[in-house]
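Only one structure is covered here, and it is reproduced in the block below.
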Amino acid sequence: MELMSQLGDGFAVALTWQNLALALMGCFLGTIMGALPGLGPSNGVAILIPLAFTLGLGATPSLILLTSVYYGAMYGGRISSILLNIPGDEPAMMTCLDGYPMAQKGRAGEALALSGVASFVGAFFATWGLVLLAPQLVKVALLFGPAEYFALFALAFATLGGISSTNQAKSAFAAALGLGLAMIGVDTQTGVPRFTFGEVHLYDGIDFLVAIVGLFALSEVFIFLEHRGTERDISNRPRMEIGRIVPSWSMIRSCIPTMGRTTVLGFVAGVLPGAGASLGSFISYSMEKRLVDREKTFGTGDPRGVAAPETGNNAAAGGALVPMLALGVPGSGTTAVLLAVLLALNITPGPLLFTQNPDVVWGLIAALFIGNFMLLAMNIPMVGLFTRVLLVPPRILMPIVAMISFVGIYGISGSSFDLMVMVGFGVMGWVLRKLDVPLVPIILGTLLGNEMEVNFRRAVNIADGDYSVLLSSPLTIILWTIAVVGFVLPIFVGGILRRRMRMTKDSEGSTVD
Amino acid sequence: MSDRIFGGIGLILAIFFAWQASVIQESFLSDAVGPKVFPYVIAAVMTLASLYFLLKPDPEPSWPRMGHLAEIGLAAAVMFAYAQVLPELGFVISTAVAAAYLTWRLGSPPLQSVIIGVSTSVGIYVIFRLLLGLSLARGPFGF
């Protein structure tokens with residue numbers, strides 16, 4: 001019952017005019033960003049963080065705005081999957097398989113509406129899962145000392161490459177690079193400058209927002225420049241007729257068991273480290289195909305094949321918020337970016353968040369519930385509006401993205417130096433993406449580097465310089481074991497999984513979910 | 001080959017990082033661990049990963065042809081220049097030029113590019129400066 005009263009308080013926070021307006025704006029912008037190929041949830045949130053920050057929004061309003069964008073982008077990703085056969089973001093990849101054939105049969109409107117309902121079901125129940133599971137995880141997390149936290153951070157990095165990662169060495173390199181970048185600046189414990197080369201601008205360290213916006217948003221602009229005029233240019237694909245938008249009740253009913261199963265599956269995939277929404281939608285689709293595809297209709301426009309991945313990826317999006325809020329350790333790219341929001345607002349995520357800032361947590365959760373209903377309303381009757389957004393060609397869109405990125409970063413610091421660092425990160429992001437080096441560990445490294453080092457040093461200092469303290473308690477041993485298994489496992493099973501996902505994916509998606 | 005070069009660069013970076021860590025001035029108030037240990041650990045991870053790229057490189061990525069590569073270089077140069085002139089020329093002028101350049105290179109016809117550039121710049125100015133009250137760079141004309 002305590003839970004219900006906390007949730008009630010949350011609704012009291014979320015139900016102000018300002019927060020409702022922000023949630024509405026976030027859902028709307030998020031759906032657009034999800035729908036536009038090339039602007040995934042992480043890019044969308046990354047561009048908007050500095051803006052929310054410079055607008056002087058408080059902690060709760062900023063979080064409401066940005067998580068609404070996150071949920072919205074998860075909804076929106078399906079629109080271009082269905083209409084153009086191009087996933088709007090990586091988790092929406094699996095929706096192409098049955099969504100596009102449905103659209104080719106003139107049932108695009110039904111596919112859009114059904115996937116809207118499926119997204120709602122997945123996201124709505126996953127938010128309930130978040131309400132129930134996060135406080136339990138907090139209880140566990142309160143037992144954590146510095147050594148356990150250090151192990152937890154290591155676990156996050158080890159598993160972040162994900163089960164589908166091809167080259168774990170590249171994930172490790174990316175993590176080291178991010179951590180190395182975090183070391184730049186004045187050491188928090190002794191006050192000595194590190195890696196600053198006497199450059200005053202570097203004494204405060206590199207602002208992680210600069211790194212995030214550069215790596216995600218600007219590198220995307222470079223990718224578009226590279227692909228222009230080649231067969232991967234997406235500006236000249238045929239357009240689809242929408243058809244009727246209201247799905248028949250019998251169609252929805254036939255998908256209810258599918259939605260039920262994939263909600264659970266997606267949520268679990270979201271909570272587990274290293275899985276995330278892409279994997280959530282992938283395993284949801286594969287499992288449903290095994291279970292219910294008796295007439296071999298999957299892949300030819302089966303409504304259940306649309307419902308399964310959409311429910312799965314939205315449930316995973318909710319699930320991924322659990323470790324981010326309860327432990328302060330995100331399991332996916334976009335939640336890493338959301339963690340940046342918290343850090344930028346000087347809020348330390350993790351177990352203490354629930355006791356020290358309950359208004360932030362429960363306000364956010366209430367806003368997610370409200371946002372879900374807004375998104376359902378937006379995505380069924382108004383879906384035609386969003387399909388029109390897809391008509392904006394990238395040649396106009398991408399410069400706008402670049403310029404808004406500059407506006408946001410300049411608004412925070414007002415320094416040309418930061419803008420140049422950001423362009424540098426953009427170029428670096430492009431090169432690293434070409435080399436198949438994941439960007440998310442870099443981001444997570446710059447975000448968590450200092451916190452990780454602080455816990456490392458605190459643990460050893462308490463033990464008077466005895467490094468064995470890092471592996472002394474049972475909890476640390478468990479965490480390190482999971483970390484090692486999580487790092488080694490993909491080397492063996494990753495190839496198989498990756499190949500299966502590749503078979504369904506002809507064009508390169510945006511950054512990892 | 002790309003991965004080998006990348007591994008080489010990574011190795012140099014790791015060595016440079018470790019060297020820079022070794023020259024950190026330790027203060028007399030240091031804790032038991034000190035400011036150098038964690039950077040050393042990072043450098044070690046980076047070294048191992050780079051050695052792996054050198055020994056077992058992935059298949060070659062499809063690099064764009066010279067023309068597209070130059071395209072990306074030029075776009076980055078324009079963005080660098082944008083960062084430099086922003087405080088001098090003010091937001092509206094610099095943004096119009098930069099946005100016009102980018103949209104032109106992404107395939108808009110020249111005249112249309114100018115229009116798109118100016119509308120992008122003015123549009124952002126109206127939304128973010130006039131409606132939302134964000135502080136943008138002021139040039140000699142106050143915008």
Side-chain angles (χ1 to χ4, degrees), chain A residues 51 54-55 166-167 169-170 172-173 175-177 179-180 183 187 189-195 197 218 221-222 224-226 228-230 235 393-396 398-400 402-404 406-407 410-411 414 416-417 419-420 422-423 426-427 430 434-437 452-453 456-457 460-461 464-465, chain B residues 2-3 6 10 14 17 20-21 24-27 29-35 37-39 42-43 45-46 48-50 52-53 58 61 63-64 68 71-72 75-76 79-80 82-84 86-87 91 95 98-99 102-103 105-108 116-117 120-121 123-124 128 132-137:
Chain A
L51 289 178
T54 35
L55 283 174
T166 37
N167 191 337
K170 288 191 170 165
F173 182 87
L177 191 63
L179 289 171
M183 293 298 108
D187 174 29
Q189 313 218 345
T190 56
V192 294
R194 297 191 286 181
F195 310 104
F197 315 105
L218 284 191
V221 177
F222 292 130
F224 269 90
L225 273 170
E226 179 200 343
R228 189 212 144 198
T230 62
S235 43
R395 67 187 164 86
I396 295 180
M398 291 327 282
I400 297 179
M403 292 304 141
I404 291 183
F406 281 113
V407 168
Y410 193 81
S416 291
F417 181 79
L419 294 187
M420 285 189 280
M422 180 172 87
V423 178
V427 176
W430 178 76
K434 290 306 286 182
L435 290 168
D436 226 3
V437 176
M452 189 171 177
E453 191 196 8
F456 169 68
R457 280 161 77 169
V460 179
N461 282 335
D464 269 336
Chain B
S2 297
D3 260 25
F6 176 52
F17 194 76
Q20 278 296 319
I24 293 171
Q25 288 274 325
E26 271 184 86
S27 100
L29 275 174
S30 195
D31 49 343
V33 181
V37 177
F38 198 63
I42 296 171
V45 173
M46 213 183 249
L48 289 178
S50 303
Y52 183 87
F53 305 146
D58 278 347
W63 290 102
H68 278 100
E71 196 78 79
I72 289 168
M79 290 183 193
F80 266 116
Y82 173 76
Q84 293 283 358
L86 189 61
F91 176 81
T95 305
L102 286 178
T103 184
R105 293 323 303 161
L106 283 164
S108 305
I116 293 171
T120 303
S121 171
I124 294 178
F128 290 104
L132 297 175
L134 228 67
S135 66
L136 302 173

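Letters go in sequence order (proteins before strands), and every chain restarts at 1.
The two residues I42(B) and A176(A) come nearest to each other via the heavy atoms CG2-O, 3.3 Å. Taking all atoms of both residues into account, the shortest heavy-atom contact from G180(A) to F17(B) is CA-CZ, 3.6 Å. Nearest approach of I24(B) to P193(A), heavy atoms of both residues: CG2-O, 4.2 Å. Shown here for L106(B) and P399(A), the closest heavy-atom pair between the two residues is CD1-CD, 3.8 Å. Pairing each heavy atom of A83(B) with each of L419(A), the nearest pair is CB-CB, 3.6 Å. When all heavy atoms of P39(B) and R194(A) are compared, the pair lying nearest together is CG-NH1, 3.7 Å.
Between chain B and the options V427(A), V437(A), V407(A), heavy-atom pairs under 4.5 Å are most frequent for V407(A). For the set F195(A), Y410(A), F222(A), the count of heavy-atom pairs under 4.5 angstrom toward chain B peaks at F195(A). Per-residue heavy-atom pair counts under 4.5 Å with chain B were compared for M422(A), E453(A), M183(A), and the maximum is reached by E453(A). Ranked by heavy-atom pairs shorter than 4.5 Å toward chain B, the options L435(A), L218(A), L177(A), I400(A) are led by L435(A).
Looking at F406(A), the atoms closer than 4.5 Å to chain B (heavy atoms on both sides) all sit in the side chain, from C-beta outward. Using a 4.5 Å cut-off between heavy atoms, A43(B) does not touch chain A at all. The contact between T120(B) and chain A is made entirely by side chain atoms (from C-beta outward), counting heavy-atom distances below 4.5 Å. Looking at L86(B), only its side chain comes within 4.5 Å of chain A, counting heavy atoms on both sides. With a 4.5 Å cut-off on non-hydrogen atoms, I404(A) touches chain B through its backbone and its side chain both. With a 4.5 angstrom heavy-atom cutoff, F197(A) touches chain B only via side-chain atoms. For chain A, the nearby parts of I72(B) are the backbone and the side chain; heavy atoms of each come within less than 4.5 Å. Both the backbone and the side chain of F173(A) come within less than 4.5 Å of a heavy atom of chain B. The parts of M420(A) that come within reach of chain B are both its backbone and its side chain, each placing non-hydrogen atoms under 4.5 angstrom from that chain.
Rounding to the nearest 0.5 angstrom, the gap separating the CZ atom in F38(B) from the CG atom in D187(A) is 11.5 Å. Expressed to the nearest 0.5 Å, how far OH of Y82(B) lies from OG of S416(A) amounts to 10.0 Å. Residue M403(A) holds its CE atom at 5.0 Å from CG of L102(B), rounded to the nearest 0.5 Å. With rounding to the nearest 0.5 Å, the separation of NZ in K170(A) from OH in Y52(B) is 9.5 Å.
Residues that satisfy the salt bridge (Lys or Arg N to Asp or Glu O under 4.0 Å) test with R395(A), not counting sequence neighbours, are absent from this structure.
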